[in-house]
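These figures come from a predicted structure and were not determined experimentally.
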Amino acid sequence: MNKLNVSLSPHVKNKDSVPKIMYGVIIALIPALLVSVYFFGLDALRVQAIAIVSCILFEWLIQKFLIKGQNTIPDGSAALTGMLLAFNVPANLPWWIMVIGALVAIGVGKMSFGGLGKNPFNPALVGRVFMLISFPVQMTSWPKVSVLNFTGIDAATGATPLAIMKEGLANGEKVSDIMNSMPTSLVDMMTGQMGGSLGEISAIALLIGGIYMLWKKIITIHIPLSIFASIVLFTGIMNLINPGAYAGPAFHLLTGGVMLGAIFMATDMVTSPMSKKGMWIYGIGIGVITVAIRVWGAYPEGISFAILIMNGFVPLINNSMKPKLFGVVKEKK
Amino acid sequence: MLKTFPKGGVHPAENKMAATAEIQSLPLPKQVVIPLAQHIGAPAQAVVKRGDVVKTGTLIAKAGGFVSANIHSSVSGKVKKIDNVLDSSGYKKPSVIIDVDGDEWEENIDRDPAVIKDLSKTPEEIKQKIMDGGIVGLGGATFPTHVKLSVPEGKTIDHIVINAVECEPYLTADHRVMLEKAHEIMIGTSLIMKATAVNKAIIGIENNKPDAIELLSKIAKEYQGIEIVALKVQYPQGGEKQLIKAVLDREVPSGGLPLDVGCVVQNVGTAIAVYEAVQKNKPLIERVVTVTGKSVKKPINLMVRIGTSANELIEAAGGLPEDTGKVVNGGPMMGKAVSDTDVPVTKGTSGILIFNQKESKRTKVYNCIRCARCTFVCPQGLEAFNLKNIAESNDWEKLENEHVMDCIECGSCSYTCPAGVPLLDYIRLGKSTVSQIIRSRKN
Amino acid sequence: MDDLTIVLLTLATLSGLGIILALILYFVAQKFNVVEDPRIDEVEELLPGANCGGCGYPGCRGFAEACVTTDNLDAFYCPVGGNDLMKTVANALGAEVSEKDPQVAVVKCQGSPEHRKEIREYDGPQSCAIAHSLFGGTTNCANGCLGLGECVEVCTFDAIHMNPETNLPEVVEDACTACGACIDACPRDIIELRNVGKKSRRIYVSCINTDKGAPAKKACDVACIGCGKCVKICPFDAITLENNLAYIDYEKCKLCRKCVTECPTNAIVELNFPPRKPKAEKPAEKKAPKTEDNAKKVIAADKTEESKPNTNQE
């Protein structure tokens, strides 16, 4: 007979595991990836591949030679970081910037804190913000979308709807005029036919991914919903007060990285709050800060900064927003 | 909408393979080993010595205090010795070892299977008989029943809650008992009601036992004040606090007892034991044990004399499978893995579970990814990851402030954790350390 | 405003602010100043600063605070610094102190896999306390070392290591300060502080199994079976037998080594003695005059060669 195995209860475990969650998110990102290939051609795939490979490589190197721990590549978190990082950059980004971004994301954003689960800030966003600040020109020259263009690099670049809006408003134009002159309609924004980062363009593809993650119970609805709701509410009120100076909620929801940020970046388990109450506060904070940066800030887009700022608040939120204890309220009465 | 408790909970695969297997009596073993500590509280003190001849039902150990229980011989024969024997706690504990010789019962025990419905005994008589019979909670916690039924001054109770939830996967002992001894349960419940002067009782049954719900609902009309409540399947509904919340929507205060919200909870098995002790003078000497597992040839429910070796039960279920990796005394969520298959069945043994090699291994441990699922599933609203970290850093004072004593050790957190962190291992260690600190502070 | 004015104005504002804040700080510091015995700092300087807690006080400063309150330091002992340090502290404070025998930790279990067969597996965290709460262990001995190394983890001085071959902890005698951290960490009280003894020579029962002889021997070859032979042979009444377990009182033991040869299971261990003369000669109990620095401990009637805990530091 075999030796009996003795351990403490419980003796059963559900089938969930860290790699399953990570690969689940990667699967959820595939629709958006396909859309990016559709609109940006092979460039999108190239940037993706560079980001994923360099993220995995850096994690492996750091784990092997600096931390000297066990190999953490199979858990899939490095690949996911690489994928999200690539989603946040223009499709024509030079390869060396991508590699530097990956090094910062993995090295500074994740491994310097001790690896998976210990980082306070979303590593992909750390990498992205680093690249945005260090290489502002390359990071904001967006290639024009062209359907199924596999011929090569398209030199033409265009601005994102958010940038067009910001510039127009700064020149004193009215929102309705800017909207009319914009090359993309709201429907285009839904499908992804607009300038922007590789993965953020198609709201529909991202929503499909989000629904998949909800169905697989990888994420809960709280964070995305509270971000969307606060953006809609905030911009809606401003739009009602002065429709000429502030764009409407639909525009704000569909442009820029709101979909990507709210569904994939803000919901990163490691850097988001751990109670449902906390998730609401966190989501609302992200929504409000995003809109504030977009409307009054220097950058046309603010969700990356908003998420990073709220990441910083997570320990505070966790400490103050504890779940309600069973049987404690009665005691106080 | 079926009732259930609102906070947390998980739903593990039920795997109730033995649900259709009728209860069979296991043939008498050649030897029984009866541990003196098989209930919560002080161990019983042996009143027999080596060479004494005992009958089935003879008192062999007296309660060692108020929170303790009598222990009776489950067989007739000769006391071989009193020695330390390995039991399911993983350690050697003082036990009475009896060599079986025939099956001669004490004369005052009524072995006639006819149901006695007479409820004329006074509450004092009922409680005395429960105490004499060494009845303890048969759900697994083995808390002495007479202590639970002694309502202290200043507390009033208005409901008896009978726990027929059997929320643990695999186990089917309570289910079978309900189908085969329904009237005994009702009378036992009525006796408990009488002993505590309560006129309402609720039997909570999970909805995965529709036949039991139907049968009990039908005969409940013959008895006064007993209501059957069907509950949504959700683990750990069998926890006292969760069950009371589910059936009565009352919350036992943190650190309190069901008594504080006017309830006493008893297991269905206990109700039958009460019936037998009061109406038939039969002490707690046997119980129903489920023997099951995915590789087990013949999942089975057995009526077993206390002290029988688990080996014999496993034999009756078709023998120990080749690929056995772990044997658990109790359910998969809260049961205790045994160190050896030769451990005695005690009053708290509700099942013998056999896991194969693959099932018995824990999953790989990753870093905590702060997904917070452990907090979502905690029925007590605790933050398991936090408690684990505090326990690991030995900060007992902080651990107590974080309400570690509210943990009911249901294991939902470890069950759910995608990183495979053994949360409950650390929390349980912290809980036992903190409770020692609290005890030493009181003294 | 020209540029110079701006610079001057800025300088003036900042300097002014600096002065005001400095004044505030000064007054606050005065008001909340805590008068502390300056000797506390002095004593703390002398202490090793390991903050191990072996003295029973919360860290070295706690110890220093307690030391300055009394004239007689007999109740105080810093296991790290030892008698020399306590003398220095006493001198600094003008207090008195008596010498204490230095101690060292010993691990009282020899249950390597060779002696103690592993019959089940443990699956769970690497924590002795958790394993102890679960079961008697992976062997049939419910008292012995669980081998998960919690004592190693708590040691501040790197003085205890797991030997991967025996799966038992081994004390590095020169590094051990007898702070007692490992003793608190061990859930089974396997580690004991014993007097270092003359020339670091020690004899102790390296077992804590309280089972009766037969099960103890069955679980582990080198278990104390409680036979009592050592008690009978000891000329100094240093050995007591309780719960089937012999214990040698280090205060009474005169290191004659008779018990070591007498023990039928080799449960009694001698440390740092020179090798015995061949068996044929009469066992001379006089200590060998010359000290051999590299002398390693030898288990009496040496049948099993290599498998003992507590080898000297290499």
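- Most heavy-atom pairs under 4.5 Å with chain B, from the set A:S17, A:G115, A:S272: that is A:S17.
- You'll find the side chain of A:S9 reaches within 4.5 Å of the side chain of B:R428, heavy atoms only.
- Taking the side chain as every heavy atom from C-beta outward, B:E383 and A:P323 approach each other to under 4.5 Å.
- Contacts of B:Y366 classified as ring-ring contact (aromatic ring centres under 6.0 Å, His included), with partners at least two apart in sequence or in another chain: none.
- Between the side chain of B:R370 and the backbone N or O of A:T271, no donor-acceptor pair lies under 3.5 Å.
- Using a 4.5 Å cut-off between heavy atoms, B:E168 does not touch chain A at all.
- Between A:K322 and B:E402, some side-chain heavy-atom pair lies under the 4.5 Å cut-off.
- Contact annotation for B:T363: only side-chain heavy atoms (C-beta onward) come within less than 4.5 Å of a heavy atom of chain A.
- For A:D268, no part sits under 4.5 Å from any heavy atom of chain B, backbone or side chain.
- Chosen from B:L353, B:L424, B:N367, B:N386, the residue pairing most often with chain A at heavy-atom distances under 4.5 Å is B:N367.
- Only the side chain of B:V328 comes within contact range of chain A, judged by heavy atoms closer than 4.5 Å.
- Contact of B:C371 with chain A is made through backbone and side chain together, with heavy-atom distances under 4.5 Å.
- Without hydrogens or angle criteria, A:N5 side chain to B:K326 main chain gives no donor-acceptor distance under 3.5 Å.
- Contact annotation for B:E359: only backbone heavy atoms (N, CA, C, O) come within less than 4.5 Å of a heavy atom of chain A.
- The closest donor-acceptor contact from the side chain of A:K13 to the backbone of B:C417 lies under 3.5 Å.
- Looking at A:I21 and B:R373, their side chains come closer than 4.5 Å, going by heavy atoms from C-beta outward.
- A:K20 does not touch chain B: none of its heavy atoms, backbone or side chain, sits under 4.5 Å away.
- Counting only heavy atoms from C-beta outward, the side chains of A:K324 and B:K7 approach each other to under 4.5 Å.
- In this structure, B:T416 and A:D16 approach most closely via the heavy-atom pair O-CB, 4.4 Å.
- Using a distance-only test at 3.5 Å, with no hydrogens or angles considered, no donor-acceptor pair links the side chain of B:H403 to the main chain of A:L325.
- Inspection of non-hydrogen atoms places no residue of residues 56-68 of chain A under 4.5 Å from chain B.
- Counting heavy atoms from C-beta outward, A:L4 and B:V327 have side chains that approach closer than 4.5 Å.
- Chain A forms more heavy-atom pairs under 4.5 Å with one residue of B:C374, B:G325, B:P379 than with any other, namely B:G325.
- In this structure, the portions of B:K361 lying under 4.5 Å from any heavy atom of chain A include both its backbone and its side chain.
- Cation-pi geometry between B:K241 and A:F326 is not met: the NZ or CZ atom fails to fall both under 6.0 Å from the ring centre and inside 45° of the normal.
- Only the side chain of B:F385 comes within contact range of chain A, with at least one heavy atom under 4.5 Å from a heavy atom of that chain.
- The side-chain heavy atoms of B:P422 and A:L8, taken from C-beta on, include no pair separated by under 4.5 Å.
- Ranking A:K15, A:H11, A:M269 against chain B, the residue ahead of the rest is A:H11, based on heavy-atom pairs under 4.5 Å.
- B:R362 is listed as a side-chain neighbour of A:S7, based on a closest heavy-atom distance under 4.5 Å.
- At a 4.5 Å heavy-atom cutoff, the contact between B:T375 and chain A is made by side-chain atoms alone.
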